[in-house]
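Some notes on the structure that comes next.
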Amino acid sequence: MSRSKIKGVGFYVPDNIIKNSDLENLMETTDEWIKERTGIEERRWVKDDMTTSMMGAFAAEKAIKNSNIHKDDIDFIIFATLSPDFYFPGSGVLLQHKLKLKEVGAMDIRNQCSGFIYGLSVADQYIKSGMYNNILVVGSEIHSGGLDMSNSGRSVSVIFGDGAGAAIVSKSDDNSEILSTHLHSQGKFAEELAVKKPATTFWINKIIEDPSEDDKGYFPQMNGNFVFKSAVQRFEEVIIEALNHSNFCIEDIDMLITHQANLRISNYIRKKLNLDKKKVFNNIMKYGNTTAASIPIALSEAIEKKKIKKGDIVCLAAFGSGFTWASALIRW
Ligand code: ACO
């Protein structure tokens with residue numbers, strides 16, 4: 001059986017920086033509140049003409065370059081997003097067109113903050129089975145256009161940012177490999193963090209019949225405290241699950257990259273696992289929570305900053321809407 005590895009990564013964030021102080025002009029909030037509760041100092045928000053697939057394409061181009069492959073070597077696309085360009089078709093096919101890739105398969109993944117690890121897991125299985133050789137996995141999100149900027153939406157709106165990250169997953173010809181992926185879901189809590197409209201539960205005729213329906217359902221709704229408590233529990237579980245699977249212990253982790261949901265969540269996990277600060281990479285301060293894009297953006301930046309070297313054991317972990325949660329253990 002083949003083994004898979006991440007051959008190269010890349011990311012793209014829009015130039016437009018939105019500082020916490022800019023949000024003070026849009027809603028009743030303060031830089032102090034946002035920093036203290038989330039660790040976020042600024043985030044990027046797209047300007048009008050940018051799309052989710054376009055950002056994914058920019059990130060993908062960098063990942064292709066960093067992998068030293070030609071774009072024609074890509075034989076499958078996986079696109080993770082909760083904010084696709086269209087209701088349908090998915091953003092994967094739009095990416096295929098934008099990058100002028102061969103007419104390869106394109107799959108969209110709808111698993112929110114865990115989407116990139118879900119995508120990585122699918123790519124890993126396809127490479128292991130021998131079906132494909134080089135798979136482009138993308139996470140890209142545009143949140144900024146769909147946030148409730150009123151006071152009732154402020155606890156959610158201040159955390160989200162726009163951005164994209166990408167990875168090329170290929171057959172491994174050396175010691176680098178994806179050692180395991182673990183995926184979970186618990187739909188009982190689907191409505192604790194959701195954007196419900198537009199969707200089939202709220203067909204347009206129902207909205208017209210009852211205009212009051214046309215309300216906050218278009219914006220993300222989150223039971224923040226409950227999500228926070230669930231996140232810290234599931235992150236820890238899924239990291240331990242990954243380590244146990246490979247007979248590793250916490251000390252074996254060289255770098256932990258958690259989905260950038262909230263700096264307090266990441267710090268809580270670091271302390272709970274007794275990990276040195278140097279072994280956990282965070283960049284939520286600069287980009288906010290970019291859901292499916294957050295892990296590939298953080299991974300790309302950690303590599304750029306030379307925080308990860310060949311042979312390191314890297315653990316990726318995510319938790320988000322669904323609920324879904326997931327981990328990937330990688331020998332870099
Ligand atoms: N500015 C100022 N005050 C605010 C703001 C704001 N932006 N937002 C809320 N407040 C106020 C509230 O009104 C409340 O005031 P009250 O005590 O007078 O009622 C107070 O601050 C506390 O509000 P909480 O919502 O309880 O704040 P909390 O400490 O829980 O922080 C947060 C909110 C940051 C969203 C936190 O709950 C969190 O990070 N949750 C987890 C997020 C997460 O992990 N999501 C999963 C990934 S995202 C995905 O999957 C799509």
Side-chain angles (χ1 to χ4, degrees), residues 11 13 20 23 33-44 80-83 109-120 139-144 146-147 153-165 183-186 189-190 192-195 219-239 255-273 275 280-299 301-302 315-328:
F11 78 104
V13 288
N20 292 343
L23 299 180
W33 191 95
I34 301 170
K35 270 204 290 233
E36 190 189 304
R37 302 285 175 128
T38 70
I40 299 167
E41 294 167 22
E42 57 189 44
R43 73 285 294 137
R44 307 296 177 102
T81 186
L82 64 73
S83 50
I109 301 247
R110 299 279 315 258
N111 290 94
Q112 301 68 249
C113 303
S114 310
F116 183 77
I117 298 184
Y118 267 72
L120 209 56
S140 181
E141 305 283 9
I142 296 184
H143 288 291
S144 53
L147 298 173
R154 64 185 175 168
S155 65
V156 182
S157 302
V158 299
I159 69 174
F160 285 125
D162 303 338
L183 312 178
H184 296 277
S185 73
Q186 192 179 26
F189 297 127
E192 301 294 338
L193 173 49
V195 176
F219 296 127
Q221 303 294 321
M222 175 165 73
N223 180 352
N225 285 308
F226 183 67
V227 174
F228 192 105
K229 284 179 196 146
S230 307
V232 290
Q233 179 199 336
R234 297 308 193 179
F235 268 120
E236 187 186 357
E237 279 174 20
V238 82
I239 293 167
M255 181 54 74
L256 172 67
I257 298 182
T258 59
H259 159 55
Q260 302 289 288
N262 183 324
L263 193 58
R264 279 163 55 215
I265 294 179
S266 176
N267 287 341
Y268 181 95
I269 297 157
R270 179 175 62 72
K271 286 179 192 151
K272 193 83 201 290
L273 297 178
L275 271 170
V280 181
F281 186 80
N282 291 303
N283 61 5
I284 190 170
M285 304 73 91
K286 293 192 295 180
Y287 305 125
N289 177 343
T290 57
T291 52
S294 94
I295 288 180
I297 292 175
L299 186 58
E301 209 167 56
C315 184
L316 310 178
F319 175 88
S321 158
F323 291 151
T324 59
W325 61 103
S327 65

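- Closest of all the heavy-atom pairs between A298 and I257 is CB-CG2, 3.7 Å.
- Of all the heavy atoms in G163 and A293, the pair that sits closest is O-CB, 3.3 Å.
- Sorted by first then second residue, the salt bridge (charged side-chain N to carboxylate O under 4.0 Å, His left out) pairs that include residues 255-270, not counting sequence neighbours, number zero.
- Counting only heavy atoms from C-beta outward, the side chains of K35 and E41 approach each other to under 4.5 Å.
- S266 and N282 share a donor-acceptor pair across their side chains, judged by distance under 3.5 Å alone.
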Go through the steps to decide whether T290 and E141 satisfy the test side chain to side chain donor-acceptor pair (under 3.5 Å), and finish with yes or no. CA-CA 6 Å; T290 57; E141 305 283 9; over 6 Å; no

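- Annotation: side chain of L23 is in contact with side chain of R43 (closest heavy-atom distance under 4.5 Å).
- Contact record, A317 with I295: O-CD1, 3.5 Å, taken as the closest heavy-atom pair.
- S321 places a side-chain N or O within 3.5 Å of a backbone atom of L193 that can act as its donor or acceptor partner.
- Considering every non-hydrogen atom in both C113 and G320, the closest pair reads CB-CA, 3.9 Å.
- To the nearest 0.5 Å, atoms CZ (F160) and OG (S144) are separated by 12.0 Å.
- In this structure, I297 and F11 approach most closely via the heavy-atom pair CG2-CD1, 3.6 Å.
- Residues L120 and L316 are in side-chain contact: their nearest non-hydrogen atoms beyond the backbone lie under 4.5 Å apart.
- Exactly one residue among N262, I284, V158 makes a side chain to side chain contact (heavy atoms under 4.5 Å, CB included) with I40. That residue is I284.
- Applying the salt bridge (charged side-chain N to carboxylate O under 4.0 Å, His left out) test to K229 and every residue at least two apart in sequence or in another chain returns nothing.
- Among all heavy-atom pairs drawn from V232 and I265, the shortest one is CG1-CG2, 4.0 Å.
- Between the S83 side chain and the H143 main chain, no donor and acceptor come within less than 3.5 Å of each other.
- Between H184 and W325, the ring-plane angle classifies as parallel under the 30° and 60° cut-offs.
- Although no hydrogens or angles enter the test, the distance criterion places no donor-acceptor pair under 3.5 Å between the side chain of E301 and the main chain of L299.
- For E236, the salt bridge (charged side-chain N to carboxylate O under 4.0 Å, His left out) partners at least two apart in sequence or on another chain are K272.
- Not less than 6.0 angstrom separates the ring centroid of Y268 from the ring centroid of F235.
- No donor-acceptor pair closer than 3.5 Å links the side chain of N289 to the backbone N or O of I159.
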